[in-house]
Amino acid sequence: MITFAKRTTLEIIRDPINLFFGLLFPVIILLLLRTIGSHTPAELFSLDSLAPGISVFGLSFMALFSATLVAKDRESAFLQRLYTTPLKNTDYILGYLLPLIAMSFLQCAVMYLVSLLLGLKWSVQILLCIVAIFPAAVFFVSVGMCCGCLFSVKQASGICGALLTNLTAWLSGVWFDLKLVGGWFQKIAECLPFVHAVKFQQAVLNGSIENAMNDLYWVLGYTAAGLLLAVLLFTTHERAKS
Amino acid sequence: MSEYAIEIKNLQKKYGRQTAVEGLNLTIEKGELFSLLGVNGAGKTTTMKMLSGLCLPSGGDATLCGYSILRDVGEVKKRIGVSPQETSVAQNLTVLENLEFMCGVYGFHKEKTREKIDEITEKLQLKEVLKKRAGKLSGGWQRRLSIALALIGDPEILFLDEPTLGLDVLARSELWTVIRALKGKVTVLLTTHYMEEAQELSDRIGIMKDGKLLALGTAEELKALTNTKKFEDAFIAIVKGESR
């Protein structure tokens, strides 16, 4: 599993496009929104709101990385080769999952570091925020793995690179307050995990986790479902197909 | 323990109503280089996938080194190496890292990893590309790396699925040299649709069409069977059913 995880890490970090989208792009978005925020009185663009929001948004790129890597490994028959070796299912699943979780922590840490440089007030809650990104990170990476199992590289890139990033952006309440649109849009958004993941991060940063337990349950529910589906797809669908 | 490396008994594979492999019976001796020859869709790759534990047969069984592909798939996997039709290498890793990765997959410790990499590098003459990224290599080098990865686990049986597919004449010739060097040391089951490849490399050849094994023997025996002088003509005669 460590061998596989090392290989996953190298495959991802050696692609400069991954580094751009994984680390630089969320920082650019943060700087952009912060600049907009400095010219408007909206509380939405305060660093207390933005840093947790963009941290969650950045995870959508982890889904993209896992989706394209799994799909590539399928299309190039790399996984097929490994299925004929003594590796076990847990080796594949953890071998994809763990490095991307570690990268999610790193991405989150960079977001808060940049936010501190921009004026976010230091508190120990920031360290808790990095830890608290864990369930959302598992959810996004699992979704990516599912897409990688089911779709071609091109399709998986489209679904995770365009659809999921946009869903995360529009339905998480990072760019605008969902109450501004209201109605069915807000209802749909509240049935999905994105806005809850952001609210939970914001609550951790503000030191009021007890007010966001409901949001945490939403995220945990989606995470469990996503992870379970990824495991099922890897253990049944993949082998049957190859 | 079986005297054969591979014993196939009435092996079948069906996908819905479509039969990919039908009633295949075959034995392959230890150290033999055996080729399954046939046009696309003949059932060669499906046969290889069943034998390597990638898919379950719909009927029949096969034993590899005495272990059943139905009951002892774990033992089978310890004894085989597979080089799939696609190059199937880690593209962003160097050749050396690919080899190290596969040593890790087999759980080799540091010293054995170094020894194994030295041995494989020498055997497949990979030294000049060791530090190059696999994705930047030519098709011929990627195929060579693919075979190297399949050999890391010291397999008793090596499966080579269309190993020279899409390669130019020179790269193909170089890869043939690599494959020839394996003869006698490891049992090789090779699938190909190149007649000259089967003729050049194989101890025996099995010709498949529509999931069935139509003929079996050395290239000379197959020519004699069809009263032809060229192997290509023998293959056409067998596939068109003119040998009977």
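The sequence lines fix the lettering, A, B, ..., with proteins before strands; numbering per chain opens at 1. Note that the structure is a prediction, hence the values are computed from the model and not measured.
- Distance alone, capped at 3.5 Å, is enough to place a donor-acceptor pair between the A:Glu11 side chain and the B:Asn92 backbone.
- With hydrogens and angles disregarded, no donor-acceptor distance shorter than 3.5 Å links the side chain of A:Lys72 to the backbone of B:Ala90.
- In the displayed structure, A:Leu117 atom CG is contacted under 6.0 Å by more than 12 heavy atoms of other residues, nucleotides or ligands.
- For B:Leu56, no part lies near chain A; criterion is any non-hydrogen pair under 4.5 Å.
- Put simply, NZ on B:Lys77 and OH on A:Tyr83 are 9.5 Å apart, with the number rounded to the nearest 0.5 Å.
- Atoms CG and OG1, from B:Leu149 and A:Thr85 in turn, are 11.0 Å apart once rounded to the nearest 0.5 Å.
- Applying the 6.0 Å contact sphere to CH2 of A:Trp170 captures no more than 12 heavy atoms from other residues, nucleotides or ligands.
- At a 4.5 Å heavy-atom cutoff, the contact between A:Leu82 and chain B is made by side-chain atoms alone.
- Checking side-chain atoms of A:Arg81 against main-chain N and O of B:Ser146 turns up a donor-acceptor pair under 3.5 Å.
- Counting all heavy atoms, side chain and backbone alike, A:Phe78 lies closest to B:Phe101 at CZ-CE2, 3.4 Å.
- Within 6.0 Å of OH on B:Tyr194 lie more than 12 heavy atoms contributed by other residues, nucleotides or ligands.
- For B:Thr87, the part lying near chain A is the backbone, with the side chain staying farther off; criterion is any non-hydrogen pair under 4.5 Å.
- When all heavy atoms of A:Gln80 and B:Leu54 are compared, the pair lying nearest together is CG-CD1, 3.3 Å.
- From B:Lys78, atom NZ reaches atom OG1 of A:Thr84 across 14.5 Å, with rounding to the nearest 0.5 Å.
- Taking a 6.0 Å sphere around CZ of B:Arg114, one finds it holds 12 or fewer heavy atoms contributed by other residues, nucleotides or ligands.
- Between A:Leu10 atom CG and B:Gln91 atom CD the span is 14.0 Å, to the nearest 0.5 Å.
- In this structure, A:Lys6 places its NZ atom where only 12 or fewer heavy-atom neighbours from other residues, nucleotides or ligands lie under 6.0 Å away.
- No part of B:Gln85 comes within reach of chain A, as not one of its non-hydrogen atoms sits under 4.5 angstrom from that chain.
- Across B:Ser83, B:Pro84, B:Gly74, B:Pro155, the residue that shares the most heavy-atom pairs under 4.5 angstrom with chain A is B:Pro84.
- With a threshold of 4.5 angstrom between heavy atoms, B:Tyr106 approaches chain A through side-chain atoms but not through N, CA, C or O.
- The local environment of CD in B:Glu29 is sparse, with at most 12 non-hydrogen atoms from other residues, nucleotides or ligands closer than 6.0 Å.
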Let me see the working for B:Glu100 and A:Arg7 under salt bridge (charged side-chain N to carboxylate O under 4.0 Å, His left out), right down to the final yes or no.
-> CA-CA 10 Å; B:Glu100 285 171 344; A:Arg7 177 257 162 185; over 6 Å; no

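- For A:Leu24, the CG atom counts as densely surrounded, since its 6.0 Å shell holds more than 12 non-hydrogen atoms of other residues, nucleotides or ligands.
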Using the side-chain contact (heavy atoms from CB on, under 4.5 Å) rule, take B:Arg133 and A:Arg14 through it: C-alpha gap first, then chi angles, then the decisive distance, then the call.
-> CA-CA 10 Å; B:Arg133 286 207 191 163; A:Arg14 281 188 180 164; 3.4 Å; yes

